Amino acid sequence: MRLKYSIIISFICAIMFSQNKEFEPGKEWKDTDGVHINAHGGGILFVDGTYYWYGEHKTEGKGGNTSLVGFSCYSSKDLYNWKNEGIVLKAEENPNSEITKGCIMERPKVIFNEKTKKYLMWFHLELKNQGYNAAKAAVAISDNPKGPFKFYKSYRPNKGVWPMNFKEENKTSSPNEDKLKSWSSEWLTAVNDGMLVRRDFKKGQMSRDMTVYVDENQKAYLIHSSEDNLTLHISELTDDYLDFTEKWARMAPAGHNEAPAIFKKEGIYYMITSGCTGWDPNEARSFSSKSIFGPWKSLGNPCIGEDAGLTFHSQSTYILPIFGKKDQFIFMADRWKPENPIDGSYIWLPITITNEKPVLKWAEKWNLNAFTENQ
Ligand code: DGJ
């Protein structure tokens, strides 16, 4: 009898002590099976009391950043403890599929469409053996947040459509602009004036690092690094969230921004981005605007603390509104490990707004009470 009780008690203790009770940015983060979470470049959707975290399933070794498996999904009720729900969009065996094994699929973001009742997963897609040249946005569909998602279509957005914030005179190329020396001041001015928008006008604009955002009025937007990562584009999605309306705007032209993540507080949109240094970290940037289409005001580096100049060795991926806590948000970022991508870790930090600017303070450990303390 005694033995039976002590077995039950040790079992309960094992469960209690193995539960995560706080966030430890950058540390190994075990799922409910005791395995480090594998959901990189991710985003989160909240559905009926459960958070679903979607991300890139990385593999061991140097090639682990190409998509050999697909996108994973984890679920949680408390944001600390995550259950592995498996692979929800699989890289396909079919060599003719655009998402065949060995392509590159990055930064999945899932949104729910109230009208069609479908879950839409938008992501960055690079075709197999083409490096990062295809620069496409792609979308997959599911009836359930746990998937499976079915690949629907890939796009070069805004084919044959000028941005809303584009001067009439910039619709025509200047002579020899394609001969300008990269990074010279003349070249940067030409980029600013839309040289690369003109270059890609017929083919469709590039889309690499991306996020999607659903506004309070249910309009959704793809925010994507375009023009060889030099300029962000904000492209409105159709009502079914499967295609693009012809409304789009450029943001921070020639500013070289990647990794966009967005939130809205008291009618103001805030965006956090990174610079472009491959898998290496760099200094984050922040912006605010009264309208999603801009004009966006540059607010500088939002990070405070040791290694704030390197975004605490990470790169933004998503900003999570916390359910039931008005105007409280978690900044989510990736600490990439290109030499063994599966070891990449996660930097989650609370966001505060001070003097109308987003602020990210480093913390070794924290929990959701941080929000109540900051109020
Ligand atoms: C940085 C991006 O943010 C990542 O998603 C990935 O595309 C790497 N660059 C590739 O170098």
Side-chain angles (χ1 to χ4, degrees), residues 37-44 53-59 61-72 89 91 98-99 102-110 121-138 154 156-157 205-213 222-233 251-252 255-262 271-287 301-303 310-319 331-348:
I37 294 173
N38 193 343
H40 310 265
I44 289 183
W53 176 357
Y54 305 91
E56 301 158 25
H57 180 102
K58 305 277 195 189
T59 48
K62 281 216 170 230
N65 276 320
T66 52
S67 297
L68 300 171
V69 179
F71 291 137
S72 45
L89 179 65
E98 285 191 292
I99 59 163
C103 70
I104 298 173
M105 301 199 284
E106 292 180 347
R107 298 184 175 266
K109 304 289 175 289
V110 175
M121 175 184 270
W122 279 88
F123 57 101
H124 168 196
L125 173 65
E126 296 293 348
L127 304 176
K128 188 172 176 180
N129 299 330
Q130 295 187 26
Y132 278 82
N133 291 328
K136 292 184 120 187
S154 76
R156 268 296 187 98
Q205 301 296 322
M206 298 173 101
S207 182
R208 289 196 183 127
D209 277 11
M210 45 64 68
T211 192
V212 278
Y213 179 69
L222 178 78
I223 301 168
H224 47 120
S225 294
S226 195
E227 303 177 34
D228 292 337
N229 292 349
L230 282 149
T231 300
L232 285 164
H233 290 182
M251 175 189 167
H256 221 198
N257 285 282
E258 273 191 333
I262 184 172
M271 205 183 298
I272 296 181
T273 67
S274 72
C276 303
T277 48
W279 299 110
D280 295 335
N282 55 54
E283 187 173 86
R285 297 104 181 260
S286 61
F287 302 84
N301 182 2
C303 300
L310 290 175
T311 320
F312 319 118
H313 301 273
S314 72
Q315 187 182 30
S316 39
T317 182
Y318 191 70
I319 292 170
F331 170 77
M332 293 168 53
D334 294 280
R335 190 172 276 180
W336 305 115
K337 289 277 157 47
E339 64 289 353
N340 197 29
I342 197 170
D343 286 344
S345 60
Y346 311 98
I347 305 296
W348 286 25

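The model shown is predicted, which means the values in this text are computed figures rather than measured ones. Order of listing sets the numbers, starting from 1, for every ligand and every atom in it.
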*Side chain, backbone, both or neither: the part of R208 lying under 4.0 Å from ligand 1 by heavy atom*: neither

*Any N or O of D209 that comes nearer than 3.5 Å to an N or O of ligand 1?*
yes

*Give the atoms of ligand 1, by number and element, whose distance to some non-hydrogen atom of E106 is under 4.0 Å.*
4 (C), 5 (O), 6 (C), 7 (O)

*asked:* Just to confirm my output: which protein heavy-atom neighbour is closest to atom 5 (O) of ligand 1, and how far is it?
replied: R107 NE, 3.0 Å

*Scan side-chain atoms only and decide if K58 and N65 contain a donor-acceptor pair under the 3.5 Å cut-off.*
yes

_Show the nearest heavy-atom pair for residues S316 and A259, with the distance to one decimal._
OG-O, 2.7 Å

*Tell me: protein heavy atom nearest atom 9 (N) of ligand 1, and distance?*
G278 O, 3.4 Å

_Minimum heavy-atom distance K109-G43, with the two atoms named_ = CD-CA, 3.9 Å

*So how far is it from N38 CG to H57 NE2, rounded to the nearest 0.5 Å?*
4.5 Å

*asked:* Please report whether ligand 1 has a polar contact with Q315, defined as an N or O pair separated by less than 3.5 Å (distance criterion only).
replied: yes

*How long is the span from the NE2 atom in H124 to the OH atom in Y132, to the nearest 0.5 Å?*
6.5 Å

